[in-house]
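Here the structure is a predicted model, which means the values were calculated and not measured.
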Amino acid sequence: MGFAAVMLIAVALDLVIGWPRRLYAAIGHPVTWFGALISALDRRLNHDGDSFRRRKRLGVVAAIICIAGIAAFATLVQLLASGPYGSVLLGILCWPFIAMRSMYEHVAAVANPLQRQDLPEARHQVSMIVGRDTALMDEAAVARAALESLAENTSDGVIAPLFWGLIFGLPGIATYKMINTLDSMIGHRSKRHEAFGWASARIDDLVNLPASRLTGLLFALASRHPRAALRIIRRDARKHRSPNAGWPETAMAAALQVRLSGPRVYAEGIANEPWVNARGADPDARDLRRGLALYARAMIIGVAALTGLALI
């Protein structure tokens, strides 16, 4: 079997089982293991008293240690996984790096209280998946944050891992998740990590470029008006602050005929971001449900394509 079959096994396990709580309690999750290594390097190498240039240079060293280490280890495992059951073993090892099921569950946990008009609970649930201040969010802001998270994380948590797994197998999917975890933990522009996380953020932008475009295309294909969605993506995706997140978020906005991005409140202050699909309406609880349905249709298309590749 080729890498497409390996990825199909991983997707099937994720959809049927997810990542069970008992398993997480017993051994954690590979991403938490990656996080422990990154945190250790951050404590060891990133010192407040060092110059910007030195912290930037040591951030490059930390990124190389993490990325090269997991790439080498995963490559060795893949080379050893030979024989008739090798692909099955690789599929099991790739399984934790796919988040297709949990993506739906996390956003549905926001949609459920929002539909019941339980705004405090909806704010609490959305605070689990976004980094912005949720305390004063109204219904539209909660729905918008959840839809943006769903769109961006479909690319980061599903399509990008599958893309790199299809090309390189276990080393591709594991190395991608290490890069993505580096960006999540140290790739933001805070005082502590602006220099140290510079390399991690740039590498993450690079490896997410193809998957973000593919995710936007999937959402457009799964929408009721694919041509109109593609036209809005071409017009608005580049307006987003992120070189990659703009593609799936604009596709989501276009497909649902709502506006996304725009100003948002963080602990550091207000970020005045431009709207994508600015002429669309503000989303509500019903639009969040429609977003989940769009996600499900897009994943069906993606799994069908993956199945076709596996059969070929």
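Summarising the geometry of F219 relative to P248, their closest heavy-atom pair is CD1-O, 3.8 Å, with the distance given to 0.1 Å. Residue V60 comes nearest to A199 through the heavy atom pair CG2-CB, 3.7 Å, listed as atom of the first residue, atom of the second, then distance. Nearest heavy-atom pair, T250 versus I233, reported as atom, atom and distance to 0.1 Å: CG2-CA, 3.7 Å. A255 and R290 make their closest contact through O-NH2, 4.1 Å (heavy atoms, listed as atom of the first residue, atom of the second, distance). Taking every heavy atom of both residues into account, L292 and A108 meet most closely at CD1-CA, 3.8 Å. Counting all heavy atoms, side chain and backbone alike, T175 lies closest to P171 at OG1-O, 2.6 Å.
In the model, S149 has a side-chain atom that pairs as donor or acceptor with a side-chain atom of N153 under 3.5 Å. Side chains of E249 and H240: a donor on one and an acceptor on the other come within 3.5 Å. In the model, N277 has no side-chain atom that pairs as donor or acceptor with a side-chain atom of D236 under 3.5 Å.
The shortest distance between side-chain heavy atoms of L256 and L147 falls below 4.5 Å. Proximity of T154 to M299: side-chain heavy atoms (C-beta onward) are separated by under 4.5 Å at one or more points. A heavy-atom distance below 4.5 Å is found between the side chains of W164 and P210. Side-chain contact check for V88 versus V6: every heavy-atom pair is 4.5 Å or farther apart. Side-chain contact between V303 and M100 is present, with heavy atoms from C-beta onward closer than 4.5 Å. Residues L214 and L218 have side chains not in contact (no heavy-atom distance under 4.5 Å, counting atoms from C-beta outward). Counting only heavy atoms from C-beta outward, the side chains of L294 and L150 never approach each other to under 4.5 Å. At a threshold of 4.5 Å between non-hydrogen side-chain atoms, the residues K56 and F196 do not count as touching.
Side-chain atoms of D14 never come within 3.5 Å of backbone atoms of W95 as a donor-acceptor pair (strictly under, hydrogens ignored). With hydrogens and angles disregarded, a donor-acceptor distance shorter than 3.5 Å links the side chain of R192 to the backbone of N46. No donor-acceptor pair closer than 3.5 Å links the side chain of W198 to the backbone N or O of R189. In this structure a side-chain-to-backbone donor-acceptor pair under 3.5 Å is present from R101 to L15. Side-chain atoms of R144 do not come within 3.5 Å of backbone N or O of R259 as any donor-acceptor pair. Remark: the backbone N or O of I38 is not paired with any side-chain donor or acceptor of D42 at under 3.5 angstrom. Not a single donor-acceptor pair under 3.5 Å links the side chain of Y176 to the backbone N or O of L162. Looking only at distances, no side-chain donor or acceptor of H124 sits under 3.5 Å from a matching main-chain atom of P120.
Hydrophobic clustering places M178 together with F73 (ILVMFWY residues linked when any side-chain heavy atoms are closer than 4.5 Å, directly or through intermediates). By the rule that hydrophobic residues join a cluster once side-chain heavy atoms approach within less than 4.5 Å of another member, V31 and V207 end up as members of separate clusters. Each of L209 and L182 belongs to its own hydrophobic cluster when Ile, Leu, Val, Met, Phe, Trp and Tyr are linked at side-chain heavy-atom distances under 4.5 angstrom. Side-chain heavy atoms closer than 4.5 Å link hydrophobic residues (I, L, V, M, F, W, Y) into clusters, and following such links, possibly through other members, connects L23 to I9. By the criterion of side-chain heavy atoms lying less than 4.5 angstrom apart, applied directly or through intervening Ile, Leu, Val, Met, Phe, Trp or Tyr residues, L37 is grouped together with V61 in one hydrophobic cluster.
Interatomic distance, K239 NZ to S261 OG, rounded to the nearest 0.5 Å: 10.5 Å. Annotation: the span from D284 atom CG to D138 atom CG amounts to 11.0 Å, rounded to 0.5 Å. Here the CZ-OG distance, from R213 to S155, works out to 9.0 Å after rounding to the nearest 0.5 Å. The CH2 atom of W247 sits 9.0 Å away from the CZ atom of R238 when rounded to the nearest 0.5 Å. If you take CG on D156 and CG on N180, they are separated by 5.0 Å, rounding to the nearest 0.5 Å. Here the straight-line distance linking atom OG of S242 with atom CG of D204 works out to 8.5 Å at 0.5 Å rounding.
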Residues E148, R132; criterion salt bridge (charged side-chain N to carboxylate O under 4.0 Å, His left out); working and verdict: CA-CA 12 Å; E148 289 165 3; R132 65 195 72 171; 2.9 Å; yes

Going through the distances and angles, do L90 and Y85 end up as a side-chain contact (heavy atoms from CB on, under 4.5 Å)? CA-CA 9 Å; L90 289 175; Y85 300 108; over 6 Å; no

R289 and Q115: CA distance, side-chain angles, deciding distance, side-chain contact (heavy atoms from CB on, under 4.5 Å) verdict: CA-CA 9 Å; R289 279 292 174 194; Q115 282 190 308; 3.0 Å; yes

Tell me, with the steps shown, if L166 and L306 meet side-chain contact (heavy atoms from CB on, under 4.5 Å). CA-CA 9 Å; L166 278 170; L306 187 61; 3.6 Å; yes

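Just one of M185, K177, H29 meets the side chain to side chain contact (heavy atoms under 4.5 Å, CB included) condition when paired with F34; it is K177. Partner V142 forms a side chain to side chain contact (heavy atoms under 4.5 Å, CB included) with one of V126, L288, V130 and no other, that one being V126.
By the neighbour-count criterion of 12 heavy atoms within 6.0 Å, atom CG of L136 is sparsely surrounded, having that number or fewer from other residues, nucleotides or ligands. By the 6.0 Å contact criterion, CZ on R235 is enclosed, its count of non-hydrogen atoms from other residues, nucleotides or ligands being greater than 12. Within 6.0 Å of atom CD in Q117, 12 or fewer heavy atoms from other residues, nucleotides or ligands are found, so the atom counts as exposed in its surroundings. At most 12 heavy atoms of other shown residues, nucleotides or ligands fall within 6.0 angstrom of atom CZ in R54.
Salt bridge annotation for D48-R55: present, with a cationic side-chain nitrogen under 4.0 angstrom from a carboxylate oxygen.
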